[in-house]
Amino acid sequence: MHYKKLFYRLLPALLIASSYSTSANESLPPQEDLLLSEEDFLSELPVVLTATRLSQPAREAPAATTVIDRDMIKASGAREIADLFRLVPGFVVSHDNGYTPIVTYHGLSNEQARRMQVLVDGRSVYSIVFGGTKWTDLPLAIDDIERIEVIRGPNAATYGANAFLSTINIITRHSSETNGVFARVNVGNIDIRDGYLRYGDTLDDLSYRLTLGYNRDTGFADRYDTHQVRMATFRSDYQLTTSDTMEFQFGFNNGEMGVDSKTLNATDEKNNKNHFAQIRWQHDLSTDENFSLQFYYIGEDTAQIYDVYIPVLGRVVANNSYTANRLDLEAQHIKQLARNARIVWGGGIRRDSAVASGYFGTKATLYNNLYRVFGNLEWHLMQSLLLNVGTMLEKTDLSGTEFTPRIGLNYLFNPVHSIRLTASHGSRTPTLAESKSNFRVAVYNSTLPTLPSTPADFTSTLWKGNENLESETITSYELGYMAFLPKKGFTLDIKVYREELEGLIYMDENRVYTSTDYYDFRYEVSGNFGDATIYGTETTINYQPLQDTRFVLSHSYTKLNSTLPKLLPDQGNQTAPKQIFSFLAMQKFLGRVNGSLAYYFVSKSDGLGSGDPIPAIKRLDLRLGLAFSGRKMRGEIAAIVQNVLHDNDYIDWRNDNQFERRQYISLDVQFN
Amino acid sequence: MLISPAVKSNTASSFRCCVALCLLAFSSLGAHAGILHVTLIPSRDNGAYQHVIDAIVARIDEQSQHTIVLKTISLDDFKQHSIKIDQTSDLLIPIGIRATGSVIRQAGNSPILATLVPRSSFKASLKKRAAEIPSPPPRNISAILLDQPISRQLNLTRLLLGNVKRIGIPLGPDSQSLHHEIERTTQQLKLSVEIENIDSAKNLMHQLSRLLDRSDVLLALPDPTIFNRRSVRYILLSTYRKRIPVIGFSQSYVKAGALAATYSSPEQIGKQTAEVIIALQKKPARGFPAAEQPKYFSVVINKQVARSFGYTDLSAEQLARQISQLERKNQ
């Protein structure tokens with residue numbers, strides 16, 4: 001209801017904007033004579049791809065980067081965005097339940113993978129209270145994604161704290177490239193029912209699109225993890241003048257999910273709502289200088305209260321609801337200082353706030369303010385030698401000031417071979433939950449026999465935050481090699497690295513008894529518990545030997561040594577699988593049949609948090625699509641089978657998640 | 001001065017007059033064996049046109065046989081004194097499309113060798129004359145075109161990006177006629193090409209985005225409906241966002257942000273024009289040549305854009321040499 005109102009309120013603004021654009025156009029000189037003139041060949045044109053607009057090529061980047069493009073997204077057969085990261089070396093994708101994907105890199109993670117920054121069009125979707133990314137709750141349709149860049153390695157110098165082990169950068173399609181009507185329907189087993197509808201148009205200098213979506217499935221067998229989510233997103237890009245562009249986005253979703261608790265032996269439903277609005281202004285000061293200003297808002301809203309009767313204990317009420325907001329303002333300035341040097345610098349402020357009476361034990365709003373300045377210099381010392389020096393200075397309420405520098409040297413021997421050497425430092429600031437939680441459950445009509453003095457009603461702490469937490473830190477050294485043979489359609493990237501992590505924060509350990517609350521449960525306090533050293537290699541090969549044939553291969557070997565105490569008796573320390581392998585083959589037949597195969601292997605690993613020790617996983621996904629087209633439309637019907645191999649159900653993160661074969665039919669149509 | 005007011009005001013009679021006079025001069029190339037009077041008519045008197053003239057003059061001076069007499073007059077002068085000029089010239093060389101249009105419309109029977117003209121506009125000028133003026137046009141009309149041969153542009157694309165990429169080519173009203181040639185050439189070169197017809201500037205963005213969805217590289221062929229001052233921004237930004245390099249058709253498109261292009265400078269066009277003039281003078285028996293595409297060309301690379309696509313050490317000169325070699329091989 002609320003959103004509908006908002007939409008209708010915004011509609012007139014949109015109409016005004018579009019009518020403004022047409023009137024702005026009338027002032028442009030009309031096309032003189034459409035006869036081609038030699039002047040069309042000879043006269044000067046404005047420089048469009050200015051030095052500041054060009055992005056750093058992979059060969060010159062100070063970190064290993066994996067790009068997931070639209071062809072890979074399609075060929076992977078993925079319904080959910082999180083599944084795409086199986087294609088990135090070192091990444092493991094698992095599920096805490098059917099609708100809660102866990103995307104981890106280099107292990108060490110419980111069900112909230114907090115050591116990774118995730119940005120959608122520059123907007124941090126790092127979850128406000130707990131950290132990590134709530135993938136299913138992103139108001140983002142997979143078909144609206146242009147490309148995903150995964151920066152493997154700490155990247156605090158560019159993206160700030162929490163760009164710790166890696167950074168995922170999701171870039172959505174520009175609104176001028178999603179014209180016309182697009183629709184997709186997925187139908188499959190486990191009650192897969194997805195539908196997407198998009199409309200976009202370009203009116204001279206203004207373009208926009210609106211995407212509506214719905215997705216649903218019943219999750220894992222034997223678990224109560226059904227979900228259905230509805231979403232709407234809007235994006236508009238407006239070319240204000242030749243040197244000013246505006247980008248405007250908003251979106252929201254809401255959904256219902258089933259929840260089951262092993263400890264409480266109970267099931268319930270929760271309701272999640274997420275929304276965001278974002279505006280960015282880009283201004284070219286000259287061809288060598290660009291300024292941008294971005295403001296966004298995100299909101300998370302979860303409603304769920306367990307109210308269950310537990311034999312002996314009594315009626316237990318656990319409130320998992322929370323509301324959280326983030327406001328973020330960032331300015332950035334790019335300047336080409338000289339032919340061989342470019343600087344990017346800027347600053348930002350952010351305010352996170354949350355109300356979670358269950359988690360925080362208070363009805364008050366808790367805040368975390370963040371202030372930062374950052375800068376990076378790209379300097380070509382020689383034609384073939386590039387130096388990247390960058391740093392971020394960041395201050396947050398929860399952990400004080402962090403200084404996170406990075407230095408990288410790229411040497412481009414020749415057009416084919418290049419190496420990079422990078423040393424970087426990063427940090428992860430504690431989340432609001434890690435710092436301030438005081439999760440209490442209320443017990444009513446208790447009949448605890450062992451403690452006769454226990455009152456009938458009491459509250460007990462389950463876990464507690466720690467306001468004295470320090471930020472986790474990482475120091476990483478990386479040696480990379482790249483071979484780039486564009487004409488042969490071949491790229492190879494090998495990375496050898498060592499990462500030293502200190503002060504890792506966990507809250508699963510350190511059970512505390514307090515004497516005053518003698519009837520209390522033992523509770524958990526978060527702390528900077530352990531250190532870890534990780535080293536290994538990561539390899540990616542991208543090879544397109546023929547027009548219609550392409551392979552993407554990735555492999556990682558990871559050795560993790562951690563000084564973490566065993567968190568639970570049956571949990572081990574090998575939270576990063578030693579070997580991870582993925583292979584994606586794409587083949588086009590007869591011009592309109594698209595076949596693809598994805599094979600994934602993850603060696604055995606131990607879990608943290610809700611995770612269990614997992615034996616090795618082998619998974620094969622197949623996709624076969626038949627493209628069709630008409631005069632003003634084109635589309636594809638595809639059959640996707642995930643985990644095809646017979647008798648190969650695997651355990652996904654925890655023992656009660658059996659990943660069985662999934663299959664679905666996907667039909668998409670584009671009219672324009 | 002020498003032209004009567006009547007001629008000025010009455011095109012029909014001036015034309016008849018023209019035809020009569022020029023019938024005498026018709027076999028000029030043969031009749032005046034020895035000395036060839038050539039009149040250069042630039043569309044404007046600025047940079048590029050002057051470069052063409054300078055190049056023609058320089059090349060002909062190299063011959064130094066004094067058998068070719070060059071004269072340059074402005075387009076306005078030509079318009080006023082076309083009959084006289086037609087009478088006194090053995091060959092008219094309009095430079096650029098404005099001059100070409102006027103000369104084709106107004107000239108009598110002197111042979112015309114237009115130069116520095118885009119192919120589609122040259123053809124359109126001929127058509128226009130045929131539609132407007134009932135009498136047959138001079139028999140000898142030809143041109144040194146500005147457009148690079150399709151195969152040359154495809155060869156550049158191939159040398160830069162290899163054979164496995166899908167080459168997207170948008171064709172508009174002006175370039176539509178190249179459809180067959182493109183298909184033939186791409187088949188020969190074993191390249192895969194995606195063509196999208198852009199019917200009007202209004203639909204440009206929609207149709208172009210459709211093409212970009214199935215292209216790995218965009219090849220720009222001159223067509224003002226598609227590639228113009230207004231669309232350059234949209235095209236270069238949207239292709240770059242998708243990491244699709246653009247192979248342009250001019251130096252300025254490359255400067256604006258295309259990865260590379262083959263192009264011919266006014267000097268190179270002038271040189272080729274001079275060579276045609278010399279051949280006409282020396283071997284009139286060979287007859288009047290057909291319209292020619294540029295023989296001399298250069299490759300230009302936007303180094304910054306190239307670097308952003310991961311290309312370092314690209315040499316424009318070397319690429320141009322390689323393309324020439326490929327062209328020689330195919331002859």
Side-chain angles (χ1 to χ4, degrees), chain A residues 28 31 33-51 53-60 67 69-70 146-147 171 173-174 176-180 201-202 204 207 239 242 383-384 412 414-415 418 484-489 491 544-549 634 670 672, chain B residues 43 47-48 96-98 116-118 120-121 124 146 159-166 173-174 192 201 205-206 209-210 212-213 222-225 227-230 232-234 236-238 240-243 249-253 255-257 263 266 302 304-305 307-314:
Chain A
L28 284 166
Q31 198 68 43
D33 183 0
L34 273 184
L35 210 55
L36 188 64
S37 152
E38 62 281 2
E39 301 196 4
D40 291 314
F41 291 74
L42 301 170
S43 62
E44 290 288 308
L45 290 168
V47 178
V48 178
L49 296 186
T50 57
R53 263 207 199 97
L54 293 170
S55 56
Q56 218 174 22
R59 307 180 71 204
E60 296 181 13
V67 175
D69 58 35
R70 298 216 308 131
E146 177 69 58
R147 177 170 80 246
I171 296 138
R173 306 184 69 185
H174 192 269
S176 67
E177 280 142 34
T178 46
N179 295 310
D201 199 6
T202 305
D204 294 305
S207 53
Q239 186 79 47
T242 50
Q383 179 86 23
S384 55
L412 291 74
N414 58 35
S418 60
F484 176 73
L485 289 141
K487 274 193 276 182
K488 300 248 185 309
T491 49
Q544 188 178 10
L546 298 165
Q547 169 69 38
D548 293 333
T549 312
R634 71 212 138 96
Q670 167 83 52
N672 68 355
Chain B
S43 293
I97 194 60
R98 275 183 65 226
L116 201 74
V117 285
S120 60
S121 311
L146 196 42
L159 286 170
L160 283 170
L161 301 150
N163 269 40
V164 298
K165 304 284 188 235
R166 293 165 301 176
D174 271 39
S192 124
M205 292 174 185
H206 286 212
S209 74
R210 203 155 64 188
L212 295 181
D213 275 348
D223 189 307
T225 310
F227 301 101
N228 53 52
R229 179 164 281 274
R230 278 200 60 185
V232 59
R233 191 184 170 82
Y234 173 79
L236 291 175
L237 285 179
S238 56
Y240 188 68
R241 271 194 297 268
K242 291 169 168 291
R243 300 293 183 265
F249 55 86
S250 68
Q251 232 177 335
S252 48
Y253 226 86
K255 231 179 175 180
Y263 74 99
N302 186 323
Q304 276 180 324
V305 171
R307 213 178 74 202
S308 181
F309 278 107
Y311 299 99
T312 41
D313 297 343
L314 284 182

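The chains referred to below are lettered A, B, ... by the order of the sequence lines, with proteins before strands, and numbering in each begins at 1.
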So which of K242(B), K165(B), R166(B), M205(B) has the largest heavy-atom pair count under 4.5 angstrom toward chain A?
K242(B)

Using a cut-off of under 4.5 Å on heavy-atom pairs, state which of I171(A), T242(A), T50(A) scores highest against chain B.
T242(A)

Bottom line for S120(B): the part with an atom under 4.5 Å from chain A's heavy atoms is side chain

So, the part of N302(B) with a heavy atom under 4.5 Å from chain A: the answer is neither

Turns out that what part of Y234(B) lies under 4.5 Å from chain A's heavy atoms comes down to side chain

Under 4.5 Å, counting heavy-atom pairs only, tell me which of S37(A), S55(A), S176(A) racks up the most with chain B.
S55(A)

So which residue, R173(A), H174(A), E44(A), ends up with the most heavy-atom pairs under 4.5 Å with chain B?
H174(A)

Among the options L45(A), V47(A), D548(A), L485(A), pick out the one with the most heavy-atom pairs lying under 4.5 Å from chain B.
L45(A)

From L36(A) CG over to E38(A) CD, what is the distance, rounded to the nearest 0.5 angstrom?
8.5 Å

Contact leader toward chain A among G257(B), P173(B), S252(B), where contacts are heavy-atom pairs under 4.5 Å:
S252(B)

Look up atom CD in Q304(B) and atom CZ in F309(B), then write down how far apart they are to the nearest 0.5 Å.
13.0 Å

Option in L314(B), V232(B), T312(B), D223(B) with maximal non-hydrogen atom pairs under 4.5 Å from chain A
T312(B)

Engaged part of L159(B) at the chain A interface, taking heavy atoms whose separation is under 4.5 Å:
backbone

Going by an N to O cut-off under 4.0 Å, is there a salt bridge joining R241(B) and E146(A)?
no

Pick one of side chain, backbone, both or neither for A58(A), based on which atoms fall under 4.5 Å of a heavy atom in chain B.
neither

Can you tell me which of S43(B), P222(B), A124(B) forms the most heavy-atom pairs within a distance under 4.5 Å of chain A?
P222(B)

Residue L160(B) versus chain A: region with a heavy atom under 4.5 Å:
backbone

Between R53(A) and chain B, which part of the residue has a heavy atom less than 4.5 Å away: side chain, backbone, both or neither?
both

Honestly, the part of L546(A) sitting under 4.5 Å from a heavy atom of chain B is backbone

Is Y240(B) in contact with chain A via its backbone, its side chain, both, or neither, using a 4.5 Å heavy-atom distance?
side chain

Is the backbone N or O of H206(B) less than 3.5 Å from a side-chain atom of S209(B), with the two atoms forming a donor-acceptor pair by type?
yes

Can you tell me if R147(A) uses its side chain to pair, donor with acceptor, with the backbone of D69(A) under 3.5 Å?
no

Rounded to the nearest 0.5 Å, what separation is found between the CG atom of L237(B) and the CG atom of L49(A)?
6.0 Å

Looking only at the aromatic ring of each residue, does the gap between the centers of F41(A) and Y263(B) stay below 6.0 angstrom?
no

Using a cut-off of under 4.5 Å on heavy-atom pairs, state which of P545(A), A51(A), S207(A) scores highest against chain B.
A51(A)

Is chain B contacted by the side chain of E39(A), its backbone, both, or neither, given a heavy-atom distance below 4.5 Å?
side chain

Working to the nearest 0.5 Å, report the span between CG of D40(A) and OH of Y253(B).
10.5 Å

For R243(B), which residues count as a salt bridge (charged side-chain N to carboxylate O under 4.0 Å, His left out) partner, sequence neighbours excluded?
none

Does the pair D313(B)/R307(B) count as a salt bridge with the N-to-O cut at 4.0 Å?
no

For R233(B), enumerate each residue passing the salt bridge (charged side-chain N to carboxylate O under 4.0 Å, His left out) test, keeping only those at least two apart in sequence or located in another chain.
none

Other residues, nucleotides, ligands: >12 heavy atoms within 6.0 Å of K255(B) NZ
no

Would you mind checking which part of L146(B) comes under 4.5 Å of any heavy atom in chain A, side chain (CB onward), backbone (N, CA, C, O), both or neither?
both

